[in-house]
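In what follows, a structure is listed as structure tokens, so that the remarks can point back to it.
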Amino acid sequence: MKRLASVLTIFFGVFVMLLPQAGALTKDDGNPNGGALNYGEYGRPATLDPITSNDMIALRISELIFNGLVGIDEKQEIVADLAERWDISENGRMYTFYLRKDVTWHAKEGEDPMPFTADDVIFTYNIMMHPETITPLKVRYEFIDAVTKIDDYTVEFTLKRPILNALAKFSFKIIPKHGPQNSEFLAREDPFVQNPIGTGPYLLKNITAEREIILVANENYFKGRPHIDKVIARPFADQNIMGQALMFNAIDMIVLVNHRDIPQLQGDKRFVLQPYNALSYSFFGFNTRNPTLADKRVRKAFTYALNRKEMLDSFFQGQGTIISGPYAPGSWAYNLDVQPLPYDPGKAVELLNEAGFVKGADGIMEKNGKKLSLTIKVPIAKESEAVKRVILAFRNYLSKIGVEINAEFQEWLAWKEDIFLHHDFDLMFASWVFDDSADISSLFHSAEIGPWKNNFGAFTNAEVDGLIVESKLTLDHEKRRTINRRLHEIIADENPYTFLWTLTNYAAFNKKLRRVAIHPYKFFSFADDWFIPESEQR
Amino acid sequence: MKLASIKPITVLISRELAIAALLLLGISFLVFMVLFLSPGDPFSSLLKDQTASSAIGTAARSEIGGPAPWYYQYLAWLGNIMRGNFGTSIRTGLPVLREVIRTGINTLYLTLGSLLITLLIAVPIAVFSARRGFTATNWVLTMFTYVVSALPVFWLGYIVIYISMHRFGLFPLAFGSGAQTWSWVYFMLPVFVLGLSNGTMSEVVRHLREELSRVFSEEYICTARAKGASIWKHSFKEGFLIPITEIVATKIPFILGGAVVVEQVFNWPGMGRMAWQAAQDRDFPLILGITLMAALFVRLGSLIERAVHIIVNPRFAKE
Amino acid sequence: MKRYRQHSIEFGNLSDVPFWKTAGPIDLVYISYGLLVVLLVFVSYVLGMTGFLPFDPQEINLELLMAPPNTEGHLLGTDFMGRDILARLIIGIQAYFLPGLLAIALALALGTCFGVLAGYWGGGLDTASTYVSNLLNSFPRLVLILLMVAAFKPDIYLVMTVVGITNAPTVASLIKSKIQFLKQKNFIEAATALGLKNAVIIIKHILWHNCRSVLIIQATLGMAEVILIETSLSYLGFGVQEPTPSWGNMVQSGANYFMQGKFWPSTAPAMAILLTIMGFHLLGDSLNNILERKRDQ
């Protein structure tokens, strides 16, 4: 399933400051080193640096190669990473980071490793914000006004205005000043994007002619050498073959298992299926520019007509949660008091009648002689029949209440242009993936209507606009939560999307891998603690 | 080879090269126009998350080679090609020439290997049925070639993978660090699949059989046979070599097309797979590079065909 | 498309002997098999229009996904949406028929024009049309189709337009060599001497009397090719799109479950493809044997 990544972030959590860890180079958890992890990815990453890349595959790999100023631990709390501690000024506008002094960049054999300093942090920020660097990160860091170097190991960020939970945003990955050839901006032609240098637990050894990415353990990793010697990302072009590769031990791990393979893997004792809750959901979006769909009753009727439970059970083995509103259920902002609309075709027909539609002779609803016939646009996903299934089932449910839906499958880029640029659609199907939490302002605020903006359905509601702005300006966490709960309620009622579900993602891996913890979005955040018992290292 | 036959070949080769250059020019123009007329915008995939600031998009766009009239873009691109600069891929930023050569070689292995398999199976069947006429055995063999030519290639690929795994416990990954002792077997599977079901086998059999029967019935062969000389020696060139090179040359584009599918199924890091990705990303420089490379293969094939023709029968050179 | 060598000329209806009397028995068997396949295409339309199908091919049944053959009346089982495979199989051929006709018509029309221009008048026209044919022949067609589909939209008619255009050179070269052969035999000179107009010579004497069998054969083979191309495209995700059934997208969606040991949803359409393509190939080859070489026998 193709995903749209939402680029805005707010993170909740308590500010926890940890004492800097001792600079020991071996981990003291007593687990053995050695072994190799071969994992399969569906597709190949375009670039490997954390700035120009915009696919999930590269994001996962950059988690192994790079570090940010702060990190996130297994309990979703902010912890020290490259910065050992930080101060936040009274007015919330100044963030001062004190950097670790024992961090070095990956070095080629025979070369002396270069130390990590404040210059690298400033360099990364400048590269990221340079107008000619093409990066999805830019809009996320527009809240920063300036960055200054206090000394070699201290940097100070000045914010344009105080914002809640800004700290989590300083988890962006730092790249070295000596990395890119061009010191002003990062283009995809720069050799650095294919040959990145980082500070992380693994360093890039080489990319084979087959585009396998081979990473080896960084002996000098400042948190201690990772246990597994070698990590190999192997690209696959066919998901069915990738699933078989796991079962026949050609690879050790699949980061995202296709739902149709779950029953087979569940029964297999050789593998562990580990769920991880991605902050994402799927939905049908309405184009409210279409006068029919501008009517809230029609939109709600569509939601009533769908049996989401049946779809979830039949197509995804019930591995997911049906949602009622615009946040992923794992998020603090999700309002559990709002219940998803039940499956009620009778109610749907009632609502359509209320909106002026009556059943015509051929069983299709009509209003003033015009048939209720709409087009849904869907991007093609080669092997995933999950999308096809949802769309076909959707057509089927709606035909039962007398609505005719034409499905139009399009190539991904063409689809994106129709939805985001030309707004030429009635209905669409997609998923949002949130990275750290849930900021929905770009999805539903009326200022976000326009070419390439995220409010593609032109949803407008004055109250929603007001609440979104209010939520952004609030610095109090509880108050903000209340606002978001209210937002959830209104949007659930207005129904600009038919919210479907959040699917539980599964990683599948060979039993030989131990102590596997998975970050819901970045995946490999804790991979330096993973290990393979000596007896099972091949 | 006699000296007399070398001269026509050099003339021919230089002429063919000139034609090939002209054709490549035409192809590049054609592809360029398709890309130019297509409604999409290759930069949108890169800029998708920079929706907030269209000014940035414009800056980045003009950096990469912004909005200029099509003929200007085409000529600029052509000029770069002449200097050996094929540009860089929009998606990965890697140089197109290097990428296309790297994957092109893998595709070449696959294509040539599968052609060899096709010929190894089809030629004996054709010779057999040309010599023996219509018998039950060669009817069965001929039907077999019709059957494999009609199989959907990816489905055959799945069958072969399924059998190799569940029967022999082999996982067919031809490339990569996982393949070790048995890697040549892994390597053979995709070649074998494409060789069987590239859709040309029945045609090779048919074409070769007709040519052979025609040559066998010609007078000079009958004379040779009457004199007790080997038929093979006399019929080899015209009845065998020419039809084979002919069919090989005309089938290369088909097999390259089949390679697109087989490379996906068997995870073969070739040009076809790259073409599929590039077409979806609208990665213009890469698409142009791939089509030129593929066209080069095709032209090479027909060059060899012509050369063989002339070696066998120098009279053709005058045509 | 295939290339065949030409051996014969016809001067109007010289022979009154119907072709089936001169044909070998095996060719007749092949032709009947091929014609049976063609007949089945029409049967499919008739069944589709009269609704005389085991199930509604679009009827979704979420209770019965991926059912094996012969469950609850589904003779060939059900697909990933619980739809009846047999019904979809019967309707599936229709996805190819009209688009295929378009491809064939384009190939024949364009090919004939170019062939006549090159063969009859020759000279510069010949050079130009040779250039165009070589140009089109140098493309790996699947790559070109992928490009068009990704750039415009995954529409079977667009695909078939490309197929038609890229097939035209084969037809053109066949027509051209036929005309050149006729020229060699002084057939055209004779006709001109008789005072016939160019248009009459080309349309009646060249195309109708001497080329129609070539055209029929190419049309037959074109249909087989259309099916194979759509199947490959379906695997790559750009074939006929749901909910319209095509054999290609049925094999593709069924093959997703192949590795789990569920063979039936992909085997049934794959067999249909196999038998149909074989039918068209055999039909074309046998027609060629009979129509093109009856003089040799």
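Throughout, a chain's letter reflects where its sequence line sits, starting with A, and its residues are numbered from 1. Predicted model only: the values in this text are computed from it and were never measured.
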Fill in: Pairs of heavy atoms under 4.5 Å with chain B: top-ranked of Leu236(C), Ile229(C), Ile273(C), Ile26(C)
Leu236(C)
Worksheet item: CG/Leu196(B) to CG/Leu151(B) distance, rounded to the nearest 0.5 angstrom?
Response: 8.5 Å
Worksheet item: With Phe32(B), which residues qualify under ring pair (Phe, Tyr, Trp, His ring centres under 6.0 Å), at least two apart?
Response: Tyr74(B)
Worksheet item: Non-hydrogen atoms of chain C under 4.5 Å away: do they reach the side chain of Ile252(B), the backbone, both or neither?
Response: neither
Worksheet item: So what's closer than 4.5 Å to chain B heavy atoms on Leu228(C): side chain, backbone, both or neither?
Response: side chain
Discussion item. Closer than 4.0 angstrom, basic N to acidic O: yes or no for Glu242(C) and Arg88(C)?
Written reply: yes
Discussion item. Is Val251(C) in contact with chain B via its backbone, its side chain, both, or neither, using a 4.5 Å heavy-atom distance?
Written reply: both
Worksheet item: Are Phe263(C) and Tyr257(C) close enough that their ring centres sit under 6.0 Å apart?
Response: no
Worksheet item: With only heavy atoms counted, which part of Ile287(B) is less than 4.5 Å from chain C, the side chain, the backbone, both or neither?
Response: side chain
Fill in: Val265(B) portion near chain C, given a 4.5 angstrom heavy-atom threshold
both
Worksheet entry | Identified salt bridge (Lys or Arg N to Asp or Glu O under 4.0 Å) counterpart of Lys251(B) within the set Glu203(B), Glu305(B), Glu246(B) | Glu203(B)
Practice prompt. Select one option (side chain, backbone, both, neither) describing which atoms of Phe238(C) are under 4.5 Å from chain B's heavy atoms.
Written response: side chain
Worksheet item: Can you pull the side-chain hydrogen bond (donor to acceptor under 3.5 Å, both in side chains) pairs that have at least one residue in residues 259-269 of chain C, sequence neighbours excluded?
Response: Asp261(A)-Gln260(C), Trp155(B)-Ser266(C)
